[in-house]
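Take a look at the structure below.
These numbers come from the heavy atoms of this one structure, side chains and all, not from hydrogens, waters or symmetry mates.
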Amino acid sequence: MQRIAIIGGTGMTGECAVDHALQKGLTVKLLYRSEKTVPERFKSKVELVKGDVTNYEDVRGLIEGVEAVAVILGTRNKLEATTELSRGTENLIKAMKEAKLTKFSIVMSSFLLRTLQEVPAVFHRLNEEHQRMLDLTKASGLDWIAILPPHIADEPATGYTVVHDEAPGRMVSKYDLGKFIIDSLEQPEHYGKVCGIGKSPKSA
C-alpha cells in the first residue's frame, strides 16, 4: 500500500491519522471542505482535494489512483439528527466499487457496542446515524474495518488493545487511534470486523 485517501483528516483524530500515514511514507490524498481547517504542515506534504463527502463526484475524484481509504468523519460538537455521515459512507462505497477498490477503515463510536439504554439520551440521534453507517459498511461486501473507539483522549500514545465486537476500555489516545486507522488497512485479521479499541492494559 503506497497511496491512500483520507476523509476527515482535519479533525483531532484525523490529523493524527494523516501524520502517521506520512511517517509510514505513504502518499496521502486529503478531502477538505475549507482551507482554513487544513493544518499548515499538511499543505506541502499531502495532495489536497477540495470537496464534500456528500457529493458523489467529489468522492469519486478523491479515491482515483489510491489503494485504500480511511474515513474519520465527525460532527465536531453537533449532536442533532444528521444523515451527512451515512450519505458520505454510501457515496464512498459506491465510488469504491466503481473503482474496484476494496479496503477501507471507518470510525464510528463504541456506543454501538452497548444497548440503547446504556447510551446517554443526548447521543441517541448521533448514535442512530452511526448505526446507519455501520449497516452500510457491513452490507458493502468490501474489506472494511469498522473502528469503534470510546472516549478519544488528547494525550500521548500509550499503546492500545483491539478486540472484535466489544469495547476493551473507556478511553484511547488520539495518536493510538490515528495509528490503528492507518495500520489496520494492511491487517487482514481485522477485515470485515467491528473493532473495539482501548488503552493498552499495561499502560492503564
Side-chain angles (χ1 to χ4, degrees), residues 1-11 13-14 17-18 21 26-35 37-38 42 46-76 78 80-113 125-149 164-165 177-178 180-195:
M1 182 176 79
Q2 293 178 318
R3 285 173 62 82
I4 68 166
I6 297 182
I7 296 171
T10 59
T13 302
V18 173
L26 301 176
T27 299
V28 176
K29 288 179 80 176
L30 177 64
L31 186 71
Y32 74 99
R33 275 199 288 204
S34 164
E35 195 170 331
T37 65
V38 179
F42 289 174
V46 307
E47 187 180 331
L48 294 170
V49 179
K50 188 170 173 59
D52 191 309
V53 72
T54 59
N55 182 310
Y56 178 68
E57 291 304 322
D58 290 349
V59 176
R60 201 168 74 155
L62 172 75
I63 68 166
E64 199 174 316
V66 305
E67 295 152 86
V69 184
V71 184
I72 314 126
L73 283 171
T75 57
R76 306 254 177 209
K78 293 191 298 187
E80 65 265 24
T82 179
T83 58
E84 270 188 38
L85 309 184
S86 56
R87 273 168 34 225
T89 305
E90 203 166 9
N91 282 341
L92 175 66
I93 290 166
K94 182 181 171 191
M96 284 184 68
K97 287 181 174 178
E98 194 178 294
K100 297 189 166 40
L101 270 177
T102 60
K103 293 188 288 191
F104 75 107
S105 58
I106 183 165
V107 179
M108 291 166 237
S109 160
S110 65
F111 281 144
L112 292 176
L113 296 168
R125 291 284 180 232
L126 190 54
N127 205 52
E128 285 169 11
E129 177 67 335
H130 282 165
Q131 185 64 58
R132 287 189 285 271
M133 290 171 77
L134 184 58
D135 292 344
L136 288 162
T137 297
K138 284 182 168 181
S140 69
L142 302 174
D143 292 328
W144 52 268
I145 307 107
I147 304 169
L148 278 55
H164 297 151
D165 298 312
L177 179 55
F180 182 64
I181 289 164
I182 303 302
D183 289 352
S184 64
L185 292 165
E186 297 185 288
Q187 296 171 338
E189 65 269 27
H190 298 307
Y191 293 175
K193 301 290 186 187
V194 174
C195 298

Got N91 and V53 here, is their nearest side-chain heavy-atom distance under 4.5 Å? no
Would you check if T89 and V71 make a side-chain contact, meaning some heavy-atom pair closer than 4.5 Å? no
[atom1] of [X] to [atom2] of [Y]: how many Å apart, nearest 0.5 Å?
X    : Y    : atom1 : atom2 : result
L134 : I106 : CG    : CD1   : 8.5 Å
L26  : I4   : CG    : CD1   : 5.5 Å
L113 : H164 : CG    : NE2   : 11.5 Å
L92  : F104 : CG    : CZ    : 6.0 Å
D58  : Y32  : CG    : OH    : 11.0 Å
L185 : H190 : CG    : NE2   : 11.0 Å

Nearest atoms (heavy-atom pairs only) where [X] meets [Y]:
X    : Y    : value
I72  : G14  : CD1-CA, 3.9 Å
V107 : M133 : O-CE, 4.0 Å
L31  : L62  : N-CD1, 3.7 Å
T37  : S34  : OG1-O, 2.7 Å
A95  : R60  : CB-CA, 4.2 Å
V59  : D52  : CG2-O, 4.3 Å

Of R87, E98, E90, which is the lone residue that meets side-chain hydrogen bond (donor to acceptor under 3.5 Å, both in side chains) with Y56? E98
Does a donor on one side chain and an acceptor on the other come within less than 3.5 Å for T54 and E84? no
Using only heavy-atom distances, determine whether the side chains of N127 and Q131 contain a donor-acceptor pair under 3.5 Å. no
Residue of the set L136, V194, V69, T102 for which side-chain contact (heavy atoms from CB on, under 4.5 Å) holds with W144: V194
Yes or no on side chain to side chain contact (heavy atoms under 4.5 Å, CB included) for L101 and V66, after CA distance, side-chain angles and deciding distance? CA-CA 8 Å; L101 270 177; V66 305; 3.8 Å; yes
Could you list the residues that satisfy side-chain contact (heavy atoms from CB on, under 4.5 Å) with Q2, not counting sequence neighbours? E67
Counting only heavy atoms not in E186 (residues, nucleotides, ligands), do more than 12 fall under 6.0 Å from its CD?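 Yes - once you tally the heavy atoms of other residues, nucleotides and ligands closer than 6.0 Å, there are more than 12.
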Distance-only, no hydrogens or angles: does the [X] side chain make a donor-acceptor pair with backbone N or O of [Y] under 3.5 Å?
X    : Y    : result
R132 : T83  : no
K138 : A146 : no
S105 : I145 : no

Ion pair present between K103 and D143, side-chain N to carboxylate O less than 4.0 angstrom?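 No, no charged N to carboxylate O under 4.0 Å.
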Could you walk me through whether L126 and L85 pass side chain to side chain contact (heavy atoms under 4.5 Å, CB included), step by step? CA-CA 10 Å; L126 190 54; L85 309 184; 4.3 Å; yes
